[in-house]
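In what follows, a single structure is set out as structure tokens and then discussed.
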Amino acid sequence: MPIADTEQFTHSHRALKDGAVTFRCSADNGKWPWLLLDPFDPIVVQTINFWAASGASAARGTLDPTKWTALTQTEWTCGVQGAGHATHGIAEPDGPAGGLGYRLTFFDADGALVYRMSGTGVVFQNRNFEAWRSEKKHEVAATAGPGDFAYAPIDDVGVQPPGVSFLAELGDAEIPSASGLITRENGFPPGHPYLSGSGDHVNATHLAEAGRQFASLLNGGAAQNCIGGEMDFKHFVELGAPFHVTLVERNDGDRPMALTVHQADRLCARIMLSFA
């Protein structure tokens, strides 16, 4: 997505000779209400991922705010249990020449590790992004209208008020799966107090939260303490059209929970989440 010329979550950037960038993080939960959530909440993880990566790119002078970008892969590992919200960190470039890749490390006020994360992506250099996206949205809308959607109660998806359920109850098939629906009304402020984004599509933060909610459905509504994950994105998930989350492998010991996300019969994302 393009980066608006507005106040950013990370500040006090310092570009180093090796291409790394150090930065500090805002603690203003009035401007950044997701700071009211637990530091390890996937909503926090993926939101800080976006702001830190884009802020570091701007500090290096490599960010073109007029170009659209898309995340294609990201992974993260949370630090010590009990760590506070990130107060500072370092961003390091980690991709092929001319590519979009980064590694981020965050620390709390006491210097404890909060996260290590990385990501790769693509820049839409020449494509007429808006026209292309409009065509794709119409394709999905023609094959998968929202209809009447029955969301699971927030207690079943491990959400506390004022959070929002994105998923229906689990289906009756032998392989656990659930339908989901994220719209501009329930996926962005003011309908959702913590999520944001370009508004063009369902983004990484939405999908990470949908994965965490699915884990709660599998566990009778119990809240899930997510401590790491990985997501691969193949196609945009469109707003306002149902998608389907399907279990591939349960979280078991050192093995993460593995999920797929399909929309209009097309594989859009693979998600793996680890829980304490």
- Side chains of Ile154 and Pro161: does their closest heavy-atom pair fall under 4.5 Å? yes
- Could you please spell out the steps behind the side-chain contact (heavy atoms from CB on, under 4.5 Å) verdict for Phe40 and Asn225? CA-CA 8 Å; Phe40 291 177; Asn225 181 21; 4.3 Å; yes
- ring pair (Phe, Tyr, Trp, His ring centres under 6.0 Å) partner of Phe9, the single match among Trp34, Trp51, Phe50, Phe106: Trp34
- Would you indicate whether the side-chain heavy atoms of Arg24 and Thr10 approach each other to under 4.5 Å? no
- Message: Asn49 and side chain to side chain donor-acceptor pair (under 3.5 Å): which single residue from Tyr115, Tyr102, Trp76 fits?
- Response: Tyr102
- Note on the structure: Which of Val248, Val261, Thr260, Val245 passes side-chain contact (heavy atoms from CB on, under 4.5 Å) with Ile271? It is Val261
- Message: Could you tell me if the side chain of Thr183 sits less than 4.5 Å from the side chain of Asn186, heavy atoms only?
- Response: yes
- Message: In the structure I gave you, are the side-chain heavy atoms of Leu247 and Met257 within less than 4.5 Å of one another anywhere?
- Response: yes
- Task: Evaluate the criterion side-chain contact (heavy atoms from CB on, under 4.5 Å) for residue pair Phe214 and Val157; output intermediate values, then yes/no.
- Result: CA-CA 7 Å; Phe214 188 89; Val157 294; over 6 Å; no
- Query: Looking just at side-chain N and O atoms, do His244 and Ser179 make a donor-acceptor pair shorter than 3.5 Å?
  - Reply: yes
- Task: Indicate yes or no: at least one non-hydrogen side-chain atom of Pro162 is less than 4.5 angstrom from one of Tyr194.
- Result: yes
- When the aromatic ring centroids of Phe166 and His192 are compared, is their separation below 6.0 Å? yes
- Task: Taking Arg14 for its side chain and Val21 for its backbone only, find out whether a donor-acceptor pair lies under 3.5 Å.
- Result: no
- Less than 4.5 Å apart, any side-chain heavy atom of Pro153 and any of Glu169? yes
- Apply side-chain contact (heavy atoms from CB on, under 4.5 Å) to Glu238 and Val202, showing your working. CA-CA 6 Å; Glu238 305 298 351; Val202 173; over 6 Å; no
- Heavy atoms of other groups near Asp18 CG, more than 12 under 6.0 Å: yes
- Query: Just checking, any donor-acceptor pair under 3.5 angstrom between side chains of Ser216 and Asn219?
  - Reply: no
- Give a yes or no on this: more than 12 heavy atoms of other residues, nucleotides or ligands lie within 6.0 Å of atom CZ of Arg103. yes
- Item | Step-by-step side-chain contact (heavy atoms from CB on, under 4.5 Å) determination, Cys268 to Lys234 | CA-CA 5 Å; Cys268 295; Lys234 305 299 182 183; 5.7 Å; no
- Is there side-chain contact between Ile175 and Thr246, with heavy atoms separated by less than 4.5 Å? yes
- Message: Measuring only between side-chain heavy atoms, which start at C-beta, is Met117 closer than 4.5 Å to Ile48?
- Response: yes
- Message: Before you tell me yes or no, could you show the steps for Phe233 and His201 under ring-ring contact (aromatic ring centres under 6.0 Å, His included), namely the whole-Å CA-CA distance, both residues' side-chain angles and the distance that decides it to 0.1 Å?
- Response: CA-CA 13 Å; Phe233 308 104; His201 55 273; 9.4 Å; no
- Query: Would you call the rings of His13 and Phe23 parallel, tilted or perpendicular, where under 30° means parallel and over 60° means perpendicular?
  - Reply: tilted
